[in-house]
Amino acid sequence: RYDRRVYSSDTVPCATDGKKPVPLVLTLWARRLSVKLGGELLFDQAPLRTIPDRTRIGLVTWGAAPRIEQAELRAPAKTR
């Protein structure tokens, strides 16, 4: 289940100087996922299927030396 491609996007240019971090923002709302890299939209409300009997979030990296400097997880505020 992890070895198959579910979604892919076209190549998106991402301006970086190699010295500053590039933010990767994932937004999950009502089982739909949006992804931005450095302000460029990669996925816009892609439907996300849950894995049965799993309640965790996974982060997968790629490349020889991925540099993740910070990760932040926020839940939406409860509404009335």
Side-chain angles (χ1 to χ4, degrees):
R1 80 189 160 206
Y2 297 110
D3 60 349
R4 63 184 170 84
R5 184 180 302 193
V6 178
Y7 297 107
S8 63
S9 74
D10 293 332
T11 301
V12 177
C14 182
T16 179
D17 63 7
K19 296 178 183 177
K20 293 182 184 178
V22 178
L24 174 64
V25 179
L26 291 85
T27 305
L28 178 63
W29 183 260
R31 292 190 176 157
R32 294 197 165 280
L33 180 70
S34 296
V35 179
K36 287 185 179 181
L37 177 63
E40 298 294 330
L41 186 63
L42 301 179
F43 298 108
D44 188 18
Q45 298 187 14
L48 189 66
R49 293 176 289 166
T50 58
I51 298 173
D53 302 320
R54 301 290 186 245
T55 58
R56 60 184 174 257
I57 295 172
L59 177 65
V60 178
T61 61
W62 59 93
R67 292 179 20 207
I68 297 174
E69 295 184 6
Q70 181 181 0
E72 179 181 334
L73 177 63
R74 292 183 289 164
K78 291 185 178 183
T79 58
R80 293 181 185 202

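For the single chain, residues carry numbers from 1 onward in sequence order. Just so it is clear, the structure is predicted and the values come from calculations on it, not from any experiment.
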Inset, instruction - Return yes if some donor-acceptor pair links the side-chain N/O of S34 with the main-chain N/O of Q45 below 3.5 Å, else return no. - result: yes
Legend entry - Matching residue for F43 among V35, L33, L26 - test: side-chain contact (heavy atoms from CB on, under 4.5 Å): V35
Legend entry - Residues forming a side-chain contact (heavy atoms from CB on, under 4.5 Å) with L41, sequence neighbours excluded: K36, D44
Inset, instruction - Check side-chain contact (heavy atoms from CB on, under 4.5 Å) between R31 and all other residues, then give those that pass, not counting sequence neighbours. - result: T50
Inset, instruction - Determine whether L37 and V22 make a side-chain contact, defined as any pair of heavy atoms from C-beta on separated by less than 4.5 Å. - result: yes
